[in-house]
Amino acid sequence: MFGMEIGIIGIPKSGKTTIFNALTKGNAETAAYAPSGLQPNIGVAKVEDGRVRTLSEMYKPEKTTPAEVKYIDIAVAPGDTGKKGSFSGQFLTYLGRVDAIIHVVRAFDDENVPHPEIKIDPERDINTINLELAFSDLVTIERRLKRIEESFKSANQQEREKNAKEQALLLKIKEELENEHPIRELQLTDEEKQLIRNYSFLTIKPLLILLNIGENQLKQADTLEKDLLARHSGQYSNAAVLCGKLEMELTQLNNEEAAEFRKDLNITEAALDRVIRLSYALLGQISFFTSGEDEVKAWTISNNTTASKAAGKIHSDIERGFIRAEVISFQDLIDSGNMTVAKKKGLLRLEGKDYIVKDGDIINFLFNV
Ligand SMILES: Nc1nc2c(ncn2[C@@H]2O[C@H](COP(=O)(O)OP(=O)(O)OP(=O)(O)O)[C@@H](O)[C@H]2O)c(=O)[nH]1
Ligand SMILES: [Mg+2]
């Protein structure tokens, strides 16, 4: 049921596992010296969504279930970074599968936690990882270009044309990568995207750069973030600042204690939730809601999902026996105050199986079993 996942990467000792723990309220082992094993940590975070909270207050259900996002914390083998092409095959296999990437960049300074390059320099580390990702894509391209070259010897006319098209595209992408333009930034047509869909390129994946600052840098957080955004945000990339260590410690307190702490430190409650939301947004997914006395729940679907496919997310029986969907937008329900008024105003619509579900739709599926 859970397709989408985000890979957390970064140079050794940048605080990946610390941030992973904060995001997923987990307690995977973090270490100042010892190299981490290659076994990735996997966990899930709940996406804080004001709409879910509002629906929950309205319906007072027994259970409230927010959307979730899955994280996988993948350590690079120690000593791997720094020389080109140093990502291990296993690391690349994990990374090839994720739908988006969080790059944890070390800004905190701590003499007890040695940085592999000794000096703290976030821009250098961002660059190192970007180069590694691009390098991996270039290797993929070279390999494919060779195959295409060979195929020309035996291919028929039709295959030849298709391969020539792909070859031209790969050469274009190669040039861009060599000029340090990640694939996500290229304006590719749908046809071009289709042609390279199966290569699991790394620089095509949406990217969130997460600057991991130390407790002593909290006052500069806003300035640092503005700086970072100016340099690294784009259509499919974003950036944010977080104090991983502090956030991880806060998740170990109860809500009241944590709130008190945040107030003292002058950090907004939303810091962690915001990072979860930003990373969820990277995936380009939308949410619809089901609501009732038993449960208010957010469901995650891609853009352009039909009502019957959305029903299938809940249960295949509902998709199979789909009759109609009763739909109201979150905003219409809120503007009306409650469902009874909304119904009187005619805002609850009946939609068929081909209706394209919109972000924030509240849906009640009618179906036959
Ligand atoms: N002072 C300080 N220490 C931090 C911060 N974030 C992480 N650390 C420490 O840095 C060390 C490494 O953190 P990890 O989260 O294990 O880093 P990692 O990137 O997962 O490390 P590897 O998996 O070995 O590459 C731990 O001792 C953390 O407590 C921070 O914001 N401030
Ligand atoms: Mg780790």
Side-chain angles (χ1 to χ4, degrees), residues 5-43 45 70-83 86-88 90-92 94-95 98 101-122 124-126 128-130 132-133 207-225 228 239-253 258 261-262 265-268 271-272 274-275 279:
E5 59 183 40
I6 299 180
I8 301 177
I9 65 168
I11 60 154
K13 307 299 165 214
S14 48
K16 298 177 292 296
T17 305
T18 303
I19 287 183
F20 168 85
N21 281 340
L23 293 170
T24 63
K25 316 253 184 288
N27 41 35
E29 202 177 330
T30 61
Y33 287 98
S36 300
L38 274 180
Q39 216 36 259
N41 299 305
I42 298 175
K70 187 170 168 184
Y71 294 99
I72 162 166
D73 162 28
I74 329 170
V76 186
D80 262 7
T81 40
K83 49 185 193 319
S86 55
F87 283 167
S88 73
Q90 195 183 10
F91 176 85
L92 291 172
Y94 286 126
L95 199 56
V98 304
I101 297 174
I102 289 182
H103 174 190
V104 172
V105 181
R106 176 162 170 182
F108 73 87
D109 205 349
D110 185 340
E111 57 185 16
N112 294 314
V113 184
H115 186 295
E117 304 283 330
I118 306 180
K119 203 174 155 300
I120 304 297
D121 182 348
R124 175 201 58 210
D125 292 349
I126 291 172
T128 300
I129 293 288
N130 282 346
E132 285 292 342
L133 296 174
L207 174 73
L208 176 68
I209 291 184
L210 204 51
L211 192 71
N212 185 19
I213 58 170
E215 297 91 319
N216 56 346
Q217 293 170 294
L218 280 169
K219 284 207 181 70
Q220 296 144 259
D222 287 346
T223 325
L224 287 170
E225 186 165 291
L228 200 66
V241 166
L242 189 74
C243 179
K245 192 163 182 216
L246 182 72
E247 292 295 341
M248 181 176 131
E249 283 163 5
L250 286 175
T251 61
Q252 284 152 6
L253 303 177
F261 230 92
R262 284 181 192 282
L265 290 165
N266 208 8
I267 47 173
T268 56
L272 192 60
R274 188 170 143 254
V275 168
S279 59

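Source: prediction; values computed, not measured. One-based numbering, in listed order, for ligands and for the atoms of each.
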Taking side-chain hydrogen bond (donor to acceptor under 3.5 Å, both in side chains) as the test, write out the residues that go with T24, two or more places apart.
none
Which of the atoms in ligand 1, numbered in the order shown and given with their element, are less than 4.0 Å from a heavy-atom of I213?
31 (O)
Could you check whether any side-chain N or O of K16 sits under 3.5 Å from a backbone N or O of G10, counting only pairs where one atom can act as donor and the other as acceptor?
yes
Within reach of ligand 1, part of D110 (heavy-atom separation under 4.0 Å):
side chain
Reported CD-to-CD distance for the pair Q90 and Q39, which is rounded to 0.5 angstrom
7.0 Å
Per-atom filter on ligand 1: closer than 4.0 angstrom to a heavy atom of S14 are 19 (O)
Of all the heavy-atom pairs spanning P40 and I72, show the shortest one and how long it is.
CB-CG1, 3.8 Å
Which one holds for V113 and ligand 1: side chain close, backbone close, both close, or neither close, with close meaning a heavy atom under 4.0 Å?
side chain
Looking at P12, which atoms of ligand 1 are within less than 4.0 Å of one of its heavy atoms?
25 (O)
Quick one: look at E29 and ligand 1, take heavy-atom pairs under 4.0 Å, and tell me if it's side chain, backbone, both or neither.
neither
Let me check your reading of the structure: within less than 2.8 Å of the Mg ion (ligand 2), is there an N/O/S atom from N41?
no
Run the side-chain hydrogen bond (donor to acceptor under 3.5 Å, both in side chains) test against E225 and tell me which residues pass, sequence neighbours left out.
R274
Check ligand 1 against T18 and write out every atom of the ligand that is under 4.0 Å from a heavy-atom position of the residue.
7 (C), 13 (O), 14 (P), 15 (O), 28 (C)
Have a look at T17, T30, I74, N216 and point out the one with the heavy atom closest to atom 20 (O) of ligand 1.
T17
Which is it for N41 and T17 under the side-chain contact (heavy atoms from CB on, under 4.5 Å) test, yes or no, and what are the steps along the way?
CA-CA 8 Å; N41 299 305; T17 305; 3.8 Å; yes
Among I6, I74, L95, I8, the one residue meeting side-chain contact (heavy atoms from CB on, under 4.5 Å) with I101:
L95
For G15, is at least one N or O under 3.5 Å away from an N or O on ligand 1?
yes
For ligand 1, note which part of N212 has a heavy atom under 4.0 Å away: side chain, backbone, both or neither.
side chain
Can you tell which of V241, L242, I19 makes a side-chain contact (heavy atoms from CB on, under 4.5 Å) with N212?
I19
Any nitrogen or oxygen of D73 lying under 3.5 Å from a nitrogen or oxygen in ligand 1? Just yes or no.
no
